[in-house]
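Written below as structure tokens is the structure these notes are about.
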Amino acid sequence: MRVGIVGAGIVGVATAHALLDDGHVVDLIDREGIAAGTSAGNAGWIAHLDILPLASPKAWRHLPRWALDPLGPLAIRPSYLPALTPWLARFVSASRPSRIEASTQAIATLNGLALPAWRKRLQAVGLGHHLRERGLLSVWADAGGYRAAQPLFERQRGLGIAVETLDAADLRRLEPALGPRAVAGALYPTGCHVSDPLDFTRALAQAALDRGAELRRFEVVDVRAGGDKVTLRTSFDTLAEYDRIVVATGAWSKPLAASLGDSVPLDTERGYNVTLPSGRLGLTRPVMFEGEGFVTTPLDTGDRVGGSVEFAGLAAAPNFRRVDAILGRLRRFLPEADLSGGTRWMGFRPSTPDSLPVIGRAPRDPRIVYAFGHAHHGLTQAAATAELVAALLADRRPDIDLTPYSPERFAKRF
């Protein structure tokens, strides 16, 4: 079969490999090319140990403080609030204890496939050297917040995720650059990151092209079901026909789903970062600064500092004062670091209210498969998502129950 994958970010590129494994003829379709969006500038974490949805007690505990700071870890631009209100209503609904538990289970299930899927894929195409298995570190400035995290540690351990709890002295032995503000931490020894998300995605894409995939650069305006083929209408008002289609275009997937009659509550969490010259931070592994809304990663290409959530849609200009705010918070943890200069970036995380991706067949045409909405877990879940998509297109039973990720879940009352 000839399969068109709409979107050449990390999810689309990983899916190309899974479909090539099954002998399909594969086109990667993207208006800007490989890794032109969020896959170019994310933190680079394979965060399979992260199991909580955004609508979790952890986030709600900090929301009152965050809401008072327009440059804080979570902000909504006032002009965007009317457009965001339906998404927010579903987010509040997803914050009910039963819904949080269901989302946590679904994230944990998908993330449980993540690292094995990446190891398998990278070994198969000779790209294992891009994986950095140095562990991940979470750091707290607040002893009360650290105590509140203990049930999460036990939940993670119950899922087979190794967690080592640390006091201030332990933290300093692991990462001497951390100042006295860091009072406690947790080390996840199996956590890992990639060399650089842009370099990694490009290398994986080149491996797919070497295996026979084709890159086609055009914008898809809508997807037309019915007939012998699935038809894509392009921005040039031309048509492209395929036996099967995968929609994996991240934050831009919503209008394509809508063209098929599917109303998916997808919005975008705008994330910001800055990449400093390597070694500036003095940290040897990725660090999550709990309650602060940002992380750091020692990429091969530089020390990346980023995070935060800003709801402002796809069209608003970046507000790079958010980067300044992140660096101000980081300064309190790394008092000796040189945080000057660097390259700033903003990207769009495609997010659903329940923090679960949309993985499943389009209800009106099973030849079309959705694979988008991974939010903070795009890189983490890409290889696992690719295997699930390939199973759907081959009519094989997927490794997990895909009901929690179905596009049809949004048709239910919330």
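Remark: aromatic rings of F200 and W118 are close, center separation under 6.0 Å. Remark: aromatic rings of Y80 and F311 are distant, center separation not under 6.0 Å.
Between the side chain of E175 and the backbone N or O of T284 there is at least one donor-acceptor pair closer than 3.5 Å. D401 contributes a side-chain N or O that, together with a main-chain N or O of T403, makes up a donor-acceptor pair within less than 3.5 Å. Side-chain atoms of N42 come within 3.5 Å of backbone atoms of T38 as a donor-acceptor pair (strictly under, hydrogens ignored). Panel note: side chain D354, backbone S103; no donor-acceptor pair is recorded below 3.5 Å. Formation of a donor-acceptor pair under 3.5 Å by the T249 side chain with backbone atoms of S253 is not found in this model. Checked by atom type and distance alone, the side chain of R409 pairs as donor or acceptor with a backbone atom of Y405 at under 3.5 Å. Checked by atom type and distance alone, the side chain of D303 pairs as donor or acceptor with a backbone atom of R280 at under 3.5 Å. Side chain of S355 to backbone of L54: a donor-acceptor contact under 3.5 angstrom is found. Remark: the backbone N or O of F91 is paired with a side-chain donor or acceptor of S95 at under 3.5 angstrom.
With values rounded to the nearest 0.5 angstrom, L152 atom CG is found 8.5 Å from E290 atom CD. A distance of 9.5 Å separates CD1 of I76 from CG of D267, quoted to the nearest 0.5 Å. Between the CD1 atom in I10 and the OG1 atom in T201 there is a gap of 3.5 Å [rounded to 0.5 Å]. Within the model, atoms CG of L215 and CG of D30 stand 7.5 Å from one another, a figure rounded to the nearest 0.5 Å. Atom-to-atom distance recorded for E292:CD and D142:CG is 9.5 Å, nearest 0.5 angstrom. Rounding to the nearest 0.5 Å places CZ of R364 at 8.5 Å from CG of L260.
Surrounding CZ of R147 are at most 12 heavy atoms belonging to other residues, nucleotides or ligands under 6.0 Å away. Heavy-atom contacts from other residues, nucleotides or ligands closer than 6.0 Å to CZ of R134 number more than 12. Residue-environment remark: CG (N319) exceeds the threshold of 12 foreign heavy atoms within 6.0 Å. In D228, the CG atom is not crowded: 12 or fewer heavy atoms of neighbouring residues, nucleotides or ligands sit closer than 6.0 Å.
Cation-pi contact between R270 and F348: absent, since separation from the ring centre below 6.0 Å together with deviation from the ring axis within 45° is not met. Under the 6.0 Å distance and 45° angle rule, R31 counts as a cation-pi partner of W252.
Remark: R361 engages D395 in a salt bridge, criterion side-chain N to carboxylate O under 4.0 Å. Between E241 and K229 no salt bridge is recorded (no basic side-chain N to carboxylate O distance below 4.0 Å). Contact check on D222 versus R224 returns a salt bridge, with a Lys/Arg side-chain nitrogen under 4.0 Å from an Asp/Glu carboxylate oxygen. The pair R244-D365 fails the salt-bridge criterion, with no side-chain N (NZ, NE, NH1 or NH2) lying under 4.0 Å from an Asp/Glu carboxylate O. A salt bridge links E133 to R119: one of the charged nitrogens lies within less than 4.0 Å of a carboxylate oxygen. Between R367 and D243 there is no salt bridge, since none of the side-chain N atoms of the basic residue sits less than 4.0 Å from a carboxylate O of the acidic one.
Taking each heavy atom of H377 and D50 in turn, the nearest pair found is NE2-OD2, 3.1 Å. Here the shortest heavy-atom pairing between Y146 and G185 reads CE1-O, 3.4 Å.
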Run the ring pair (Phe, Tyr, Trp, His ring centres under 6.0 Å) check on F289 and F333 step by step: do they pass?
CA-CA 9 Å; F289 294 85; F333 288 90; 4.9 Å; yes

Start with the C-alpha gap between R217 and E32, add the side-chain angles, then the distance that decides, and say whether salt bridge (Lys or Arg N to Asp or Glu O under 4.0 Å) holds.
CA-CA 6 Å; R217 291 190 58 172; E32 296 183 75; over 6 Å; no

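Inspection of the H376 and E269 side chains reveals an N or O donor paired with an N or O acceptor under 3.5 Å. Between the side chains of T380 and H48, no donor-acceptor pair of N or O atoms lies under 3.5 Å. Side-chain atoms of E101 and Q105 form a donor-acceptor pair, as typed in the model, at a separation below 3.5 Å.
Just one of T297, D196, D300 meets the side chain to side chain donor-acceptor pair (under 3.5 Å) condition when paired with R132; it is D300.
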